[in-house]
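Right, one structure below, let's go through it.
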Amino acid sequence: MLLKCIGVSKKFGGLQALRNVSLTVDEGSITGLVGPNGSGKTTMLSCISGIHKVDSGRIIFEGEDISNLPIHQISSRGVVKTSQIVQSFPDLTVLQNVLVGIYFGREKNCSRPLDRAKEILEFVGVPPSKFDMKASECNIAELRRIQLAKALATKPKLLLLDELLTGLNPKECEKAIELIRKVRSLGVTILIVEHVMRIIMGLCEKICVLHHGEMIAEGPPEEISDDESVIRIYLGKRYLLRDLNA
Ligand SMILES: Nc1ncnc2c1ncn2[C@@H]1O[C@H](COP(=O)(O)OP(=O)(O)OP(=O)(O)O)[C@@H](O)[C@H]1O
Ligand SMILES: [Mg+2]
């Protein structure tokens with residue numbers, strides 16, 4: 001098991017965003033984190049990656065307690081999150097954005113950073129013609145890829161993807177799903193937050209469901225899609241996996 005969160009709670013003022021949340025992520029897996037808007041998904045990823053401090057509970061990564069370590073120490077251990085609201089350095093070029101990931105990641109002493117950055121951009125499907133464009137000139141699909149490239153440049157062991165596919169059209173979504181599978185095949189473990197159930201059900205071995213900051217279900221897609229409380233609170237209907245995979 002790569003990640004184990006035990007009883008994590010987090011308050012913002014009077015609002016209990018997370019209440020006693022426990023979840024595990026197996027090494028090499030793709031695990032999904034779903035739930036209605038405001039249920040605490042982003043907060044959970046932010047607690048794991050060190051953006052937010054937890055009020056109580058523990059986050060164990062590779063057997064060590066990383067809860068409330070500074071964010072740079074967590075990322076240097078290999079835990080990196082992409083942002084739900086796409087973020088880039090708009091005045092830097094596409095290539096420079098990825099170089100930032102290399103310089104602040106686990107490959108700081110990479111001997112050929114430029115070549116490495118280009119290789120990663122090509123891996124995520126950004127063509128060389130775009131490398132010298134400013135990030136501010138890129139469209140949303142390109143920015144999502146660049147964001148993923150920047151995260152991969154840090155050489156993560158656990159990648160936390162927060163709605164990476166939001167804003168993409170169905171064709172771009174299909175490509176992004178393939179890409180996420182390719183990332184996993186590199187040996188990167190993935191915890192993904194996503195609203196589109198077709199994507200989550202097709203990608204993940206395990207799905208965790210949050211509601212009002214509490215974990216209400218955790219299990220394989222076929223179990224989650226059949227769970228009465230998950231259907232009532234979140235799904236609205238039963239998802240038949242054979243239809244989703246068709
Ligand atoms: N920095 C913050 N300060 C105050 N309240 C916050 C902060 N971040 C999140 N919240 C609140 O905590 C709750 C959980 O928010 P969170 O963003 O984690 O939900 P989410 O499940 O990611 O929602 P969505 O699906 O809309 O992205 C919400 O009520 C939100 O308003
Ligand atoms: Mg969110």
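When a ligand or atom number is given, it counts from 1 through the structure's own listing order.
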**Request:** Determine, for E62 against K157, whether the closest basic-nitrogen to carboxylate-oxygen distance falls under 4.0 angstrom.
**Result:** yes
**Request:** Any atoms of ligand 1 less than 4.0 Å from a non-hydrogen atom of A17? List them with their elements.
**Result:** 12 (O)
**Path from V8 to V34 over hydrophobic side-chain contacts below 4.5 Å** = no
**Prompt:** Which atoms of ligand 1 are found less than 4.0 Å from any heavy atom of H195?
**Reply:** 25 (O)
**Message:** Could you tell me, atom by atom, which parts of ligand 1 come under 4.0 Å of a heavy atom of E163?
**Reply:** 25 (O), 27 (O)
**Message:** Heavy atoms only, cut-off 4.0 Å: how does L15 contact ligand 1, side chain, backbone, both, or neither?
**Reply:** side chain
**Asked** For T24 and K206, which heavy atoms make the closest approach, and how far apart are they?
**Response** O-NZ, 2.6 Å
**Request:** Could you tell me how the ring of Y234 sits relative to the ring of H195: parallel (under 30°), tilted (30 to 60°) or perpendicular (over 60°)?
**Result:** tilted
**K11, NZ atom: more than 12 neighbouring heavy atoms under 6.0 Å** = no
**Request:** Specify the protein heavy atom at minimum distance from atom 27 (O) of ligand 1: its residue, its atom name, and the distance to 0.1 Å.
**Result:** Q84 NE2, 2.8 Å
**Request:** Measure from the side-chain N and O atoms of R184 to the backbone N and O of G28, and report whether any donor-acceptor pair falls under 3.5 Å.
**Result:** yes
**More than 12 heavy atoms of other groups within 6.0 Å of F104 CZ** = no
**Asked** Nearest to atom 17 (O) of ligand 1, what protein heavy atom do you find, and at what distance?
**Response** T42 CB, 3.7 Å
**Request:** Verify the contact flag for atom 21 (O) of ligand 1, where contact means a protein heavy atom under 4.0 Å away.
**Result:** yes
**Message:** Test of understanding: with side-chain hydrogen bond (donor to acceptor under 3.5 Å, both in side chains), list the residues that count as partners of E214, not counting sequence neighbours.
**Reply:** none
**Item:** Check ion pair E142-R145 (N to O, under 4.0 angstrom)
**Value:** no
**Prompt:** Closest non-hydrogen protein atom to atom 25 (O) of ligand 1, residue and atom name please, with distance?
**Reply:** K41 NZ, 2.7 Å
**Message:** Does any part of the side chain of V80, heavy atoms only, come nearer than 4.5 Å to the side chain of K155, both counted from C-beta?
**Reply:** no
**Message:** How far is atom 26 (O) of ligand 1 from the closest protein heavy atom, and which atom is that?
**Reply:** N37 ND2, 2.9 Å
**Test: E194 and K41 ion pair at under 4.0 Å** = no
**For the Mg ion (ligand 2), every protein N/O/S atom that sits closer than 2.8 Å, waters excluded** = T42 OG1, Q84 OE1
**Prompt:** Looking only at distance, does G38 have an N or O less than 3.5 Å from an N or O of ligand 1?
**Reply:** yes
**Asked** Nearest to atom 6 (C) of ligand 1, what protein heavy atom do you find, and at what distance?
**Response** F12 CD1, 3.2 Å
**Prompt:** Quick one: does G40 get a heavy atom under 4.0 Å from ligand 1?
**Reply:** yes
**Prompt:** What's the shortest distance from atom 15 (O) of ligand 1 to any protein heavy atom, and which residue and atom give it?
**Reply:** T43 OG1, 3.8 Å
**Lys/Arg N to Asp/Glu carboxylate O, R116 vs E119, below 4.0 Å** = yes
